[in-house]
Colleague: 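Below are the structure tokens for one structure; questions will follow.
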There are 2 protein chains.
Amino acid sequence: MPDSPPPGRRERKKAATRQAIADAALELFLEHGFDRVSVRDVAERADVSTTTLFAHFPSKEALVFDREQDVDAALAAAVRERPEEQGVVEALRAHALKSWVPIVTDPRRADFTALVGDTPALREYGERMWMRHADTLSAVIAEELDREPDDPACAALARFVLEIPALTAGRQDPRATVETVFDLLLHGWHAQAGPADGPASAQAGRG
Amino acid sequence: MPDSPPPGRRERKKAATRQAIADAALELFLEHGFDRVSVRDVAERADVSTTTLFAHFPSKEALVFDREQDVDAALAAAVRERPEEQGVVEALRAHALKSWVPIVTDPRRADFTALVGDTPALREYGERMWMRHADTLSAVIAEELDREPDDPACAALARFVLEIPALTAGRQDPRATVETVFDLLLHGWHAQAGPADGPASAQAGRG
DNA sequence: TGAGGAACTGCAACTGTTCCACTTTCTGTC
DNA sequence: GACAGAAAGTGGAACAGTTGCAGTTCCTCA
């Protein structure tokens with residue numbers, strides 16, 4: 001995270017432009033709604049050309065998530081640098097509780113959360129954002145456990161963990177949901193559903 | 001599935017138009033690639049206006065998946081009408097093996113599968129297509145087990161099961177992958193990773 | 001100090017998608 | 001059998017996201 005030497009004027013200006021665009025975008029989106037603001041509007045507010053805008057952000061949706069950044073690295077680190085004796089699933093649980101839950105529950109970001117939650121395009125983009133880290137996470141898990149890089153169980157675990165943000169979105173108690181999901185991942189449906197796994201005979205209603 | 005009475009000329013013509021569009025699209029996409037064919041090209045080949053094209057399909061991607069149809073119903077039925085004594089997870093496993101795996105492995109669809117696999121837009125659209133059934137499946141599972149409709153464990157299970165097509169895509173042995181993933185879901189990571197869950201101390205490499 | 005490159009601009013074009021007003025074709029009903 | 005009304009289709013314009021291009025300005029670094 002240390003930007004070691006003085007970054008130089010050019011890079012500072014570039015960063016400033018990028019920030020100006022992101023700020024303008026968020027401001028306009030929060031005020032009028034994502035769909036009623038055009039990319040050209042954002043560019044104009046930030047006083048740049050649309051070409052410049054797209055030189056900094058790959059898409060309109062990306063304007064909102066200008067901090068996609070180092071989720072990848074944090075995720076990998078959470079697994080690699082876990083305490084001795086802690087399993088990977090527990091490490092991921094801790095990471096989720098410590099780094100993800102606060103973001104969703106922070107009241108200062110309520111309006112931002114609402115913007116994303118109320119805009120299908122943004123919700124989808126956000127979910128997809130998480131999934132983009134599945135390959136990295138899968139590889140790290142496999143590496144930590146001395147398995148083949150494409151081990152299907154590791155791939156599955158990675159994707160399932162990255163589903164969690166989507167699963168907790170819009171729930172009253174994200175923390176509890178996270179716990180439930182991790183218990184499921186760790187001990188399996190069989191354990192959490194009771195030994196009988198809810199056979200069909202237990203219920204009344206049927207087709 | 002029975003279109004009981006004679007469908008009437010109008011409906012037949014409509015179906016024919018729709019089919020002509022889908023055929024033209026697939027033909028052009030397979031020949032030149034999804035990204036190098038415009039919607040206007042497809043419309044022209046099918047001899048309709050783009051307006052008509054979008055009256056039949058909600059998006060360019062949808063042209064490829066003109067059979068999204070009754071996955072929802074089949075999924076719900078697989079759970080509801082499972083044999084006595086079979087758990088929901090086992091029912092879903094059976095469904096996946098019987099209904100999903102053959103589609104991916106069918107050699108007659110190799111070129112189609114390749115088209116989707118090689119086109120990011122299509123792969124994403126396909127994955128999202130599956131996830132659209134998560135709410136239905138979650139509700140059915142909860143209902144079968146007498147739980148709250150928004151039970152987080154049911155929601156998680158549903159989403160995880162629907163991740164399976166994405167997880168098996170492009171693998172050499174989809175069948176084995178499906179089995180592995182269901183074992184993970186059923187018995188948990190703890191069971192499949194061994195009792196120690198691979199604590200950090202087991203490995204050498206560390207950050 | 002000067003060369004080269006990066007950031008930015010303006011504009012035009014392309015593509016997916018929607019809107020509009022209008023024609024054709026079918027269907028159900030008196 | 002004629003007719004009202006709905007449904008399907010048309011053509012074209014327009015909008016919004018995105019990209020390409022040629023040219024300008026401004027840093028950086030040797």
Side-chain angles (χ1 to χ4, degrees), chain A residues 3-26 28-29 32-66 119-125 128, chain B residues 3-26 28-29 32-66 119-126 128-129:
Chain A
D3 15 356
S4 17
R9 178 172 313 170
R10 179 173 271 169
E11 293 188 37
R12 263 183 293 122
K13 283 197 159 184
K14 180 176 179 177
T17 301
R18 184 192 158 89
Q19 195 59 47
I21 296 171
D23 289 349
L26 193 55
L28 288 172
F29 291 159
H32 302 109
F34 185 78
D35 297 320
R36 274 190 300 238
V37 174
S38 80
V39 167
R40 288 166 177 89
D41 294 337
V42 175
E44 181 147 1
R45 165 83 65 121
D47 200 26
V48 298
S49 68
T50 71
T51 313
T52 298
L53 185 150
F54 279 107
H56 286 272
F57 298 90
S59 72
K60 186 185 181 185
E61 288 80 20
L63 289 167
V64 173
F65 300 98
D66 65 317
T119 311
L122 289 180
R123 217 177 25 233
E124 285 191 7
Y125 184 90
R128 192 156 314 299
Chain B
D3 14 356
S4 17
R9 177 172 316 170
R10 179 174 273 170
E11 294 188 38
R12 263 182 293 121
K13 282 197 160 186
K14 180 175 180 178
T17 301
R18 184 191 158 90
Q19 195 57 48
I21 296 172
D23 290 349
L26 194 54
L28 286 173
F29 292 160
H32 302 108
F34 185 77
D35 297 319
R36 274 189 300 236
V37 174
S38 81
V39 167
R40 288 166 177 89
D41 294 338
V42 175
E44 179 148 1
R45 164 83 66 119
D47 200 26
V48 299
S49 67
T50 72
T51 312
T52 299
L53 186 152
F54 279 107
H56 285 273
F57 298 89
S59 71
K60 185 186 181 185
E61 287 79 21
L63 289 167
V64 173
F65 301 98
D66 65 317
T119 311
L122 289 179
R123 217 176 29 230
E124 286 191 5
Y125 184 89
R128 204 171 307 93
M129 218 175 69

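All of these numbers come straight from a predicted model, not from anything done at the bench. First the proteins, then the strands, lettered A, B, ... as listed; each starts at 1.
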Colleague: Does any N or O donor sit under 3.5 Å from an N or O acceptor when you compare the side chain of S49(A) with the base of dC11(C)?
Modeller: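 Looking at the base of dC11(C), it does not pair with any donor or acceptor on the side chain of S49(A) (distance under 3.5 Å).
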
Colleague: Is any side-chain heavy atom of L63(B) closer than 4.5 Å to a side-chain heavy atom of L53(B)?
Modeller: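 Answer yes - side chains close enough.
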
Colleague: What nucleotide, of dG9(D), dT9(C), dG17(D), holds the atom closest to the side chain of R40(A)?
Modeller: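 Closest of the options to the side chain of R40(A): dG17(D).
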
Colleague: Please figure out whether T50(A) or T52(B) has its closest DNA chain D nucleotide nearer the 5' end.
Modeller: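 Looking at the nearest nucleotide for each, T52(B) comes out on the 5' side.
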
Colleague: Among I21(B), D23(B), V37(B), L28(B), which residue meets the side chain to side chain contact (heavy atoms under 4.5 Å, CB included) test with R45(B)?
Modeller: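 It is L28(B), the one option of I21(B), D23(B), V37(B), L28(B) that forms the side chain to side chain contact (heavy atoms under 4.5 Å, CB included) with R45(B).
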
Colleague: In whole Å, what is the span from the CD atom of E61(A) to the C1' atom of dA16(D)?
Modeller: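 My rounded result for the distance is 12 Å.
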
Colleague: Can you check the L53(B) CG to dA8(D) C1' distance for me, whole Å?
Modeller: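 Atom-to-atom, L53(B) to dA8(D), this comes out as 14 Å.
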
Colleague: Respond yes when some side-chain nitrogen or oxygen of H56(A) is under 4.0 Å from OP1 or OP2 of dC8(C), and no when none is.
Modeller: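 The answer is yes; a side-chain N or O of H56(A) sits under 4.0 Å from OP1 or OP2.
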
Colleague: Check every strand shown and say whether V37(B) touches a base, only sugar-phosphate, or nothing at a heavy-atom separation below 4.0 Å.
Modeller: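 Sugar-phosphate, no base atom in range.
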
Colleague: Over all strands shown, is D41(A) touching base, sugar-phosphate only, or nothing at heavy-atom distances under 4.0 angstrom?
Modeller: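 Nothing, no heavy atom under 4.0 Å.
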
Colleague: Is K60(B) positioned over the aromatic face of F34(B), cation under 6.0 angstrom from the ring centre and no more than 45 degrees off axis?
Modeller: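 Yes, K60(B) and F34(B) form such a contact.
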
Colleague: Between dG9(D), dA14(D), dG17(D), which one does the side chain of T17(B) approach most closely?
Modeller: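 My answer, after comparing the listed nucleotides, is dG9(D).
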
Colleague: Within a strict 4.5 Å, meaning less than it, do heavy atoms of the E61(B) and E124(B) side chains meet?
Modeller: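 No, too far: nothing below the 4.5 Å cut-off.
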
Colleague: When only distance counts, do a donor and an acceptor, one from the side chain of T51(B) and one from the base of dG11(D), lie under 3.5 Å apart?
Modeller: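 In this structure, the two groups form a donor-acceptor pair.
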
Colleague: Measure the distance from NZ on K14(B) to P on dT27(C) and round it to the nearest whole Å.
Modeller: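 Answer to the nearest Å: 13 Å.
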
Colleague: Which whole-number value in Å describes the distance from F54(A) CZ to dG20(D) P?
Modeller: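 Going from F54(A) (CZ) to dG20(D) (P), I get 12 Å.
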
Colleague: Starting at CG of D35(B) and ending at P of dT19(D), how long is that distance when rounded to a whole Å?
Modeller: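 In whole Å, dT19(D) P lies 12 Å from D35(B) CG.
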
Colleague: How far apart are the closest heavy atoms of D66(B) and F57(B), and which atoms are they?
Modeller: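 In terms of heavy atoms, the two residues are closest at CB-CE2, 3.8 Å.
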
Colleague: Nearest whole Å is fine: how far is dC8(C) P from E11(A) CD?
Modeller: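 One finds 12 Å between P of dC8(C) and CD of E11(A), rounded.
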
Colleague: Looking for any heavy atom pair under 4.0 Å, which part of the strands does D47(B) touch: base, sugar-phosphate only, or nothing?
Modeller: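 Answer is sugar-phosphate: D47(B) comes under 4.0 Å of backbone atoms only.
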
Colleague: Among the candidates dG17(D), dG16(C), dT17(C), find the nucleotide nearest to the side-chain atoms of S38(A).
Modeller: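 Looking only at heavy atoms from C-beta outward on S38(A), the closest nucleotide is dG17(D).
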
Colleague: Rounded to whole Å, how long is the line connecting atom CZ of R36(B) with atom P of dT19(D)?
Modeller: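 It is 17 Å, rounded to the nearest whole Å.
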
Colleague: Of K13(B) and F34(B), whose closest DNA chain C nucleotide lies nearer the 5' terminus?
Modeller: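 Its nearest nucleotide being more 5', the pick is F34(B).
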
Colleague: Atom NZ of K60(B) and atom C1' of dT18(D): how far apart are they, to the nearest Å?
Modeller: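 For the pair K60(B) NZ and dT18(D) C1', the rounded distance is 13 Å.
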
